[in-house]
Engineer: 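After the structure tokens below, expect a handful of questions from me.
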Amino acid sequence: MNVFNYFRGVVETALDELVAAGRLPKGLDTAKVTVEPPRDPSHGDLSTNAAMVLAKPAGLKPRELAEGLAERLRGAGSVETVEVAGPGFINLRLADDFWRARVAEILRAGLHYGRSDLGAGQKVNVEYVSANPTGPLTVGHARGAVVGDALAGLLEKAGFAVAREYYINDAGAQVDTLARSAYLRYREALGEEIGEIPPGMYPGDYLKEVGGALAERDGPRWLEADETDWLPVVRGFAIDLLMRQVKRDLHALGVNQSVFTSERSLVEAGAVDEVMRTLEARDLVYIGVLEPPKGKKPEDWEPRPQTLFRATAFGDDVDRPLRKSDGSWTYFANDMAYHLDKFRRGFHRQIDVWGADHGGYVKRMQAAVRALTEEQARLEIVLCQLVKLSKGGIEVKMSKRSGSFVTLRELIEEVGAGVVRFVMLTRKSDAQLDFDLEKVLEQSRDNPVFYVQYAHARCRSVLRHAAEAMPHLPQGPTLAQVGLAGLTDSAELALIKQMAHWPRVVEQAAFACEPHRVAFYLYDLASGFHALWTKGKDDASLRFLLEEDPELTAARLALVEAVRATIASGLQVIGVQPVEELR
RNA sequence: GUCCCCGUAGCUCAGCCGGAUAGAGCACAGGAUUCCUAAUCCUGGGGUCGCAGGUUCGAAUCCUGCCGGGGACGCCA
């Protein structure tokens, strides 16, 4: 149950009653009415702005409306007290039994706790990583991979039907360069002395494996061949091999996209031609000359007629080229085809996760989707800022040219997939993130991964001790049946209320496409649990395990298991495995 | 020149489809350990929410302008 949504319904009902009684006019728009937890807990459990929002359209004073509404709410189930405060807030305090019932509910739901039907099964496509298949994934790709995957998990939790996709950029000049670079390594593998890798080629050692594998499969047959003959073969071979490694590395991070769409096969299947026909039919393509870009001018700029998409008709700043001067399609034209393809597959809502350096392409791609789908599809874009890698406070320099970049695989081997995933979500995605290889392994409150995992491990520890010391007590799911009336301490109730926020966090984070909120919520929940734990140090009557009071102990075990389940539910959303103990 | 993102405590950052006295961690000062893991917890000081206007019953949050930092700007992907 989402407590806040539930009581919003209660407020709506009370408003309807006031309308029926002639104390409010009919047809009021209640869209802006909210029921939220007040920032200050002393104001109560729930707070609504209904009276302030509706006062003006109803022609009443806020306090006056609030009093009338409060009167109705006093009769509602589980409501203990109702107070009107400040400019017209209505603060509700709920019965302790209502909150205790949440514990049983959480235990029944287990890992599913927090699931929402906000999405109502609507199809959403989340596309992320989509790195060029020209080398291994690096730390730079890790953030997009985690943010995209966690967002997908979050939307699933919120009731959307999510598809996770990867767009393979296997067309264009970069993969030709890859082919030529791999061909050098192929000759090298067959005993040729290739010397320095020429500028403009990919220098990385990882291509030796590609060259070696090709030599093994095909032998020397391409040595004397023309480039036009060997290039497509080498290119296809290299892309296949590198994509296998990309998938392997993503798998190690717990990222497993179900659809991989090849740019090249889309183009070869004529998808771009279809885009052109669609645009031409709507008069959205023309031949024109663009203004030179202001600021930094390319040295070889010259005005030139081009095939342009009328992007300005859909909110972009300038019209965008679709064809290169050699007649081939621009990347943008191909990408339009891909997004149209997603629409054809039934995705009216699409989310792309991009690096912040692609920020300049947001408007044009959104314009393209609007144009191609006649406004039936919506494209949202989540931008991810850079990750600054350091070790013990000293920056780790990364340069692709010198080959001294840290690969995703190395990162996972060094700190573990769970740590990588959690830490990548400790900042909102459009803010720069510092990733310190030493700090993320530290066992202190300063390290959120540890802090949250420690809370989970502590819950497990209590439950293990209970099973040993008081084996006759219920364990696991049967805890949902125990009497909870013994949970009366303010810290216990506060923790339950915190857990009751989880369904709300899921909905709000999903609505905002901000998976980092899950990590922040888990940190807060862990903090609440650690606080309760230590309270039992000061006051022995608050300890979880009391051998002389099995009934109360059972209630507290239920609470501990609920905390554990909520943490596990949150970690599952962001794809992190909860730990049983810390060593 | 145009567009996008950012500017909140000494430091790192939450909070932003408007809501009551703006939060957390670190750092700093003090305190809690026969105990279910002190790997934790509690208390305290610390703020012109970049600046100036506007909308509103109410603005860190929305709008406009400016200042400062970053990024992008025809045939790279």
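Letters go in sequence order (proteins before strands), and every chain restarts at 1. Below, each value reflects all heavy atoms present in this structure, side chains not excepted, and no hydrogens, waters or symmetry copies.
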Engineer: Holding to salt bridge (charged side-chain N to carboxylate O under 4.0 Å, His left out), I want the full list of residues that pass it with A:R427, two or more places apart in sequence or in another chain.
Structural biologist: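 In terms of salt bridge (charged side-chain N to carboxylate O under 4.0 Å, His left out), with neighbours along the sequence ignored, A:R427 is linked to no residue.
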Engineer: For RNA chain B, which ranges pair as stems of 3 or more consecutive Watson-Crick or G-U pairs, with both donor-acceptor distances under 3.5 Å?
Structural biologist: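 B:1-7 with B:67-73, B:10-13 with B:23-26, B:28-32 with B:40-44, B:50-54 with B:62-66 - these are the stems of 3 or more pairs that involve RNA chain B.
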Engineer: List in chain and number order the residues that pass side-chain contact (heavy atoms from CB on, under 4.5 Å) with A:A356, two or more places apart in sequence or in another chain; answer none if no residue qualifies.
Structural biologist: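 Result, side-chain contact (heavy atoms from CB on, under 4.5 Å) vs A:A356: A:Q385.
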Engineer: Please name all residues satisfying salt bridge (charged side-chain N to carboxylate O under 4.0 Å, His left out) with A:K363, sequence neighbours left out, ordered by chain then number.
Structural biologist: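 With neighbours one apart ignored, the set is A:D317.
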Engineer: Name all residues meeting the side-chain contact (heavy atoms from CB on, under 4.5 Å) criterion together with A:R517; count only those two or more places apart in sequence or in a different chain, and write none if there are none.
Structural biologist: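 side-chain contact (heavy atoms from CB on, under 4.5 Å) list for A:R517, sorted by chain: A:Q508, A:A509, A:A512, A:E514.
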Engineer: Which residues satisfy the side-chain contact (heavy atoms from CB on, under 4.5 Å) test with A:S390, sequence neighbours excluded?
Structural biologist: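 For A:S390, the residues satisfying side-chain contact (heavy atoms from CB on, under 4.5 Å) (neighbours in sequence not counted) are A:D436.
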Engineer: According to ring pair (Phe, Tyr, Trp, His ring centres under 6.0 Å), who are the partners of A:F332, at least two apart in sequence or on a separate chain?
Structural biologist: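 A:F332 satisfies ring pair (Phe, Tyr, Trp, His ring centres under 6.0 Å) with no residue once adjacent residues are dropped.
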Engineer: Could you work out, with side-chain hydrogen bond (donor to acceptor under 3.5 Å, both in side chains) as the rule, every residue matching A:E83, not counting sequence neighbours?
Structural biologist: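 In terms of side-chain hydrogen bond (donor to acceptor under 3.5 Å, both in side chains), with neighbours along the sequence ignored, A:E83 is linked to no residue.
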Engineer: Can you build the contact string for nucleotides 4-17 of chain B? Use B for base contact, S for sugar-phosphate-only contact, and - for no protein heavy atom under 4.0 Å.
Structural biologist: -SS-----SSSSBB
Engineer: I need a per-nucleotide contact map over nucleotides 24-38 of chain B, read 5' to 3'. Cutoff is protein heavy atoms under 4.0 Å; write B for the base, S for backbone only, - otherwise.
Structural biologist: SSS-----S--BBBS
Engineer: Which pairs pass salt bridge (charged side-chain N to carboxylate O under 4.0 Å, His left out) with one or both residues in residues 525-549 of chain A, sequence neighbours excluded?
Structural biologist: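 Qualifying pairs: A:D489-A:K535.
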Engineer: Suppose we screen for salt bridge (charged side-chain N to carboxylate O under 4.0 Å, His left out). Which residues come up paired with A:D352, at least two apart in sequence or across chains?
Structural biologist: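 Testing A:D352 for salt bridge (charged side-chain N to carboxylate O under 4.0 Å, His left out), a comparison that skips the adjacent residues, returns A:K342.
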